[in-house]
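Predicted, not measured: the structure shown is a model, and the values here were computed from it. In the text below, chain A, chain B and the rest are named by the order of the sequence lines, each starting its count at 1.
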2 protein chains.
Amino acid sequence: MSTDNPPLIGATIKKIRKDQSLTLDTLAERSGVSKAMLSQIESEKVNPTIATVWKIARGLEVELNDIIKGGKERVRKFRSINADETTVLDTAGGPHIEVLSPIEMAEDLEVYLLELSPNSVLTSQPHAPGTEEYLTVLSGTVTVIAGEKSAAVEQGGFVMYNCDITHTIRNDTAAAARVHMVVRFLKKNWV
Amino acid sequence: MSTDNPPLIGATIKKIRKDQSLTLDTLAERSGVSKAMLSQIESEKVNPTIATVWKIARGLEVELNDIIKGGKERVRKFRSINADETTVLDTAGGPHIEVLSPIEMAEDLEVYLLELSPNSVLTSQPHAPGTEEYLTVLSGTVTVIAGEKSAAVEQGGFVMYNCDITHTIRNDTAAAARVHMVVRFLKKNWV
DNA sequence: TACCTGTGTTCACTATAGTGAACACGAGAA
DNA sequence: TTCTCGTGTTCACTATAGTGAACACAGGTA
């Protein structure tokens with residue numbers, strides 16, 4: 001939705017109501033908002049208050065944010081990427097990094113495979129606020145440091161942490177380590 | 001926040017404004033909402049319209065939903081789970097499933113390791129609407145079917161799909177397959 | 001001590017949200 | 001053809017959002 005105007009939520013409310021086969025009368029009963037008001041809102045004739053929209057969301061049993069963000073039609077995804085299509089990020093002396101997730105997932109949910117050589121370190125700068133990383137140790141042992149917290153995790157282990165602070169993955173052993181990494185961003189819907 | 005009352009957003013707006021060291025005057029200029037109104041909103045003396053809160057969110061450069069959901073203080077996570085602490089889900093003749101993510105991540109982001117025997121199938125019922133699965137094939141080859149779409153994915157490959165329809169992972173080969181699986185749910189904030 | 005400034009609050013007003021009631025319209029039945 | 005019913009829209013009203021201006025208060029300075 002455009003960022004130049006407040007969200008037009010009338011159409012969204014109408015769509016959700018229709019999807020649930022509800023009349024204005026029924027939604028009025030469920031939500032505590034008058035039928036007249038609902039009609040005006042759906043026609044974008046008025047600019048309702050937060051409390052009113054919250055009541056409608058409750059009546060529809062949906063999240064307030066589902067109404068506000070515009071109720072975009074979700075198309076079900078199906079996307080597969082072969083091994084030879086993944087992107088490889090290598091730096092001299094650094095770990096071997098394969099990007100598995102497609103470009104359209106960037107800054108939403110990113111998936112990587114990392115291979116850390118014996119006695120190597122991968123240090124990253126803080127990501128966007130609220131971003132989280134989830135690591136599965138496939139082989140070897142790694143030590144993860146995020147801020148003042150750290151843990152050594154062996155094969156078959158799992159670690160998750162906020163990565164909006166400087167964070168480091170180290171392989172202090174004499175064997176290579178392989179790690180599956182997922183990075184999840186807090187989404188911004190309209191900035 | 002309580003689901004019995006509309007969201008009290010005044011305190012949230014005030015906190016964000018203070019965090020950014022802004023005065024009411026400054027926010028009024030940036031947002032186009034009067035200082036008087038801002039004061040009333042922050043004091044929970046009025047129930048602002050959606051458009052007004054949207055203007056404030058823009059002025060603060062935050063998501064509308066950040067204000068509405070209550071601006072909870074985020075504590076940075078750090079959680080590690082050793083291999084011997086993961087939960088194993090096995091059924092007779094079924095795949096070997098290890099749950100890596102901790103219980104508190106249930107229905108948010110769930111992480112699994114799957115091992116499918118030669119010529120075996122894992123069929124799942126539809127999950128909650130909007131839920132997505134992300135598979136990394138660590139070894140072997142699997143065929144993923146979601147609704148009418150399918151793909152055979154070899155070692156090192158990746159596949160993602162909506163799993164709010166019946167979906168199946170098959171290993172039609174004579175070798176075992178190992179798959180890393182992430183399940184991401186669309187969050188409900190207050191239902 | 002008095003004055004000034006910055007910041008937040010309240011007043012008195014206008015504009016608009018929100019409602020109960022009445023109206024408009026289309027479809028189906030008699 | 002007329003009537004009835006269900007559903008959505010609009011009217012005329014009250015309640016409240018939203019504002020410019022004035023006020024209140026605290027801290028700093030002369």
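Every residue two or more places apart in sequence or in another chain that forms a side-chain contact (heavy atoms from CB on, under 4.5 Å) with B:K14 is listed here: B:R17, B:K18, B:E42. Applying the side-chain contact (heavy atoms from CB on, under 4.5 Å) test to A:T168 and every residue at least two apart in sequence or in another chain returns A:V121, A:T123, A:I145, A:R170.
Remark: A:T49 is not in phosphate contact with D:dT16, judged by side-chain N or O atoms under 4.0 Å from OP1 or OP2. The phosphate of C:dG18 (OP1 or OP2) has a side-chain N or O of A:T52 nearer than 4.0 angstrom.
Separating the CD1 atom of A:I50 from the C1' atom of D:dT16 is a distance of 15 Å, rounded to the nearest angstrom. In this entry the distance linking CG of A:L27 with P of C:dG18 reads 14 Å, nearest Å. With rounding to whole Å, B:E29 atom CD is found 14 Å from D:dT19 atom P. Between the CG atom of B:L38 and the P atom of C:dG8 there is a distance of 10 Å, given to the nearest Å.
Annotation: ring pair (Phe, Tyr, Trp, His ring centres under 6.0 Å) contacts involving residues 108-132 of chain A, sequence neighbours excluded, comprise A:H127-A:H167.
Cluster partners of B:L100, by chain and number: A:I81, A:L100, A:M105, A:L109, A:V111, A:L113, A:Y134, A:L138, A:F158, A:M160, A:V182, B:I81, B:M105, B:L109, B:V111, B:L113, B:Y134, B:L138, B:F158, B:M160, B:V182. The rule joins Ile, Leu, Val, Met, Phe, Trp and Tyr whenever side-chain heavy atoms lie under 4.5 Å apart.
Between the axis at the start and the axis at the end of the helix from C:dT1-D:dA30 to C:dA30-D:dT1 there is an angle of 0°, using five pairs per end and rounding to 10 degrees.
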Base versus backbone protein contacts along nucleotides 4-13 of chain D [heavy-atom cut-off under 4.0 Å; B, S, -]: ---SBBB---
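Summarising the local packing, CD of B:E154 is surrounded by 12 or fewer heavy atoms from other residues, nucleotides or ligands at distances under 6.0 Å. Within a 6.0 Å radius of CD in A:E115, other residues, nucleotides and ligands contribute more than 12 heavy atoms.
Side-chain atoms of B:R30 and B:L22, non-hydrogen and from C-beta on, do get closer than 4.5 Å to each other.
One distance of note links CE of A:M181 with NE2 of B:H180; it measures 11.5 Å at 0.5 Å rounding.
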